[in-house]
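First the structure, in the form of structure tokens, and then the observations on it.
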Amino acid sequence: GGTGLEADTRFHAQLFDASGNPILSGIADQITALLAEHRGRLATPDHGALSLSQHRRILQAVESRNPNAAARQMRVHLQSIAELALELPR
């Protein structure tokens, strides 16, 4: 159960933890809080479908133990979030 936003938050938290990167793990709460502030404006049907598709590709790369593919898919995901964030009204 739960909402798509809750699943998104869990996905990111698990990804941060799985990275083994103490810097990412240390700032995960800050990133999650920042995203939570803007999720209402980010949560459009189009964005939700795109984000889910990107999450699936990231997860496939992680499950395949392919760090290069995981990093590449993560960059694609972060770029799309950055582009979306730039479109938000201030």
Counterpart residues, side chain to side chain contact (heavy atoms under 4.5 Å, CB included), relative to Ala69 (two or more places apart): Ala61, Asn66, Arg72

Given a cutoff of under 4.5 Å between side-chain heavy atoms of I, L, V, M, F, W and Y, with clusters grown through shared members, what are the other residues clustered with Met74? Phe11, Leu15, Ile58, Leu59, Val62, Leu78

Name the orientation class of the two ring planes belonging to His12 and His77 (parallel below 30°, tilted from 30 to 60°, perpendicular beyond 60°). parallel

State whether the side chain of Ser53 and the backbone N or O of Ala49 hold a donor-acceptor pair below 3.5 Å, judged by distance alone. no

Quick one: list whatever passes side-chain hydrogen bond (donor to acceptor under 3.5 Å, both in side chains) with Gln73, sequence neighbours left out. Arg57

